[in-house]
Amino acid sequence: WARRCVYATGVLLFCFFAVSVTPQDGASASLEELFEASGIVGMSVATVAEGQVQETRHFGVRNAETGVPVDDRTVFEAASLSKPVVAYMTLRLVDRGEFDLDVPLWEHFEYDRLTDDARAREITPRMVLTHTSGLPNWGGTPLVRNFEPGEGWGYSGEGYVFLARALQAKTGERLEELVRREVFDPLGMEQSSFVWRDFYESDSATGHDLIGDPVEKRRPESENAAASLHTTARDYARFLAAVLEGRGLSSEIFEEMLQPAGQVEGWGPDEAAEHLQWGLGWGLQPGGAGTSIWHWGDNGVFRCFVMGSPATREGVVYFTNSQVGLGILEDFLALYSGDTQWSARWLDYARYDDPANQARIQVRRAFVHEGADAGWKTIEEFEAKTGEAADEDEILSLGGFLRDRDMGDRAAVL
């Protein structure tokens, strides 16, 4: 029952097809059923049409231990959905002539993690927003590039960190101050921030691991342009509504944002990647209704997704507080579009209804909550049911999972 799972710190997704804000074929009930079958602890969904938030829906609880329901004020970690917000802010500065997409970041900020890399001094904001900088997703010090700047495609959180440092050096303002002035305040995103705010103590959701147990909440004291945004589904839908109609941007920069600048490479299956491209801050895919934009976020125990069609000005965003939150992605998108879900197939998350994934979760839950004997019994039941033995990689993965939870004694019996 072993199956490959993908876990990452964040990546953009994209597609180009009509987005209907009304779930198809009576999908209002289907959305509820999907949530109930998913194993997700808490979820918020918001839809957009004609420049406005149309509807928000909430499912489950903020924390499995407290049982407080998810509601309109529930704040989630947005993970890599931080990146489109920083990209939009950057484009607003470019529009006003205060920043240039093609002037190397090094001219504004000499990054100490790249001082020994002469070619890194060629990295521009455009390269960061299109993920062609050559920088890794995350790296150490010094940062080691994966390819020459502008000569490939590779998703990079580090690129956004470099961009933010350059923006701060150029403007003399912290990233939080810039984003609040350029994005949060104009769009009425009152519950959004790249750093921890006091009221989050009462409004924030708690993340939950693979087996649905709550984990310690992170409270960022400093901004991470690639990953530290905290927000609500309604706030992020306000942002999506503005982006879809180009609000706050000139028509020229809006059109440039939607132009494909790089073909996606690697990450997921090639047959899905060949349908996907990248623009300025968003993933792109051509389709019957024109260009749609997508982005995906994953901070481990918070997972989320957004999509929208500038042609129809309709879109949808959902946030979860669960490691299994993107296991429903393909079926969730099918509620709002009849097109092939290339983005979900590209990410290749373990599906919520995949028997192998269900077995993995149930075995781990048994080991953690009931002990080693119960865990082995669960393994044996699945092996008898499927006729397949748990392979070595899966046993090693299970052992690592238990040791991470300080259950070395239970891992020792594997």
Side-chain angles (χ1 to χ4, degrees), residues 1-8 25 27 29-43 59-61 64-65 207-215 268-269 271-272 298 300-303 305 318 320-335 340-341 343-414:
W1 40 275
R3 184 180 185 274
R4 183 171 66 88
C5 293
V6 176
Y7 301 113
D25 300 324
S30 297
L31 183 56
E32 295 169 352
E33 292 168 358
L34 184 59
F35 173 77
E36 290 299 326
S38 68
I40 294 171
V41 176
M43 179 170 75
F59 305 85
V61 296
E65 291 182 348
H208 295 77
D209 64 16
L210 185 65
I211 63 175
D213 288 348
V215 303
E271 62 270 22
D298 179 347
V301 293
F302 283 90
R303 296 185 175 181
F305 185 83
Y318 85 93
T320 77
N321 61 350
S322 299
Q323 188 171 330
V324 298
L326 287 174
I328 65 169
L329 181 56
E330 186 166 6
D331 287 2
F332 177 87
L333 295 180
L335 299 179
T340 301
Q341 314 302 333
S343 53
R345 296 184 184 185
W346 180 57
L347 276 185
D348 196 26
Y349 272 94
R351 285 181 56 93
Y352 72 98
D353 57 356
D354 173 38
N357 188 45
Q358 292 174 339
R360 177 177 296 106
I361 293 170
Q362 291 181 39
V363 166
R364 281 160 171 71
R365 188 175 289 130
F367 267 96
V368 169
H369 293 299
E370 301 176 51
D373 289 344
W376 271 115
K377 182 179 179 181
T378 306
I379 290 176
E380 291 166 356
E381 288 173 351
F382 278 109
E383 289 178 341
K385 181 178 180 180
T386 64
E388 297 181 10
D391 67 19
E392 181 179 357
D393 288 343
E394 181 60 34
I395 294 298
L396 290 172
S397 174
L398 173 58
F401 176 84
L402 294 172
R403 284 188 288 274
D404 287 344
R405 300 177 70 102
D406 296 325
M407 293 183 173
D409 56 334
R410 300 183 188 184
V413 305
L414 296 173

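Just the heavy atoms: all of them, side chains too, but no hydrogens, waters or symmetry mates, feed the values below.
- Under the side chain to side chain contact (heavy atoms under 4.5 Å, CB included) rule, L402 has a single partner from D409, L414, V413, which is L414.
- Closest heavy-atom contact between V324 and S38: CG2-O, 3.9 Å.
- Checked by atom type and distance alone, the side chain of R410 pairs as donor or acceptor with a backbone atom of F367 at under 3.5 Å.
- F305 pairs in a side chain to side chain contact (heavy atoms under 4.5 Å, CB included) with only one of the listed residues (L347, I328, L326, T320), which is L326.
- Among the candidates R405, H208, R365, E65, the single residue satisfying the side chain to side chain contact (heavy atoms under 4.5 Å, CB included) test with D213 is R405.
- Residue D373 places its CG atom among 12 or fewer non-hydrogen atoms of other residues, nucleotides or ligands, all under 6.0 Å distant.
- Both tests pass for R364 against the ring of F401: distance under 6.0 Å to the centre and angle within 45° of the axis.
- Within the model, atoms CG of D209 and CD of Q323 stand 6.5 Å from one another, a figure rounded to the nearest 0.5 Å.
- With F35 as reference, F59 is the one residue of Y318, F59, Y352 to meet the ring-ring contact (aromatic ring centres under 6.0 Å, His included) rule.
- T378 approaches A366 most closely through the heavy-atom pair OG1-CB, 3.4 Å.
- Here the closest non-hydrogen pair linking I40 and G42 is CG2-O, 3.4 Å.
- To the nearest 0.5 Å, atom CG of residue D331 and atom CD of residue E33 are 11.5 Å apart.
- V61 and N321 get closest at one heavy-atom pair: O-ND2, 3.2 Å.
- Evaluated for a side-chain hydrogen bond (donor to acceptor under 3.5 Å, both in side chains) with R351, the options D353, D348, D354 yield exactly one hit, D353.
- Taking every heavy atom of both residues into account, R403 and L396 meet most closely at NH2-O, 4.3 Å.
- Using a 4.5 Å cut-off on side-chain heavy atoms (C-beta onward), L329 and R303 make no contact.
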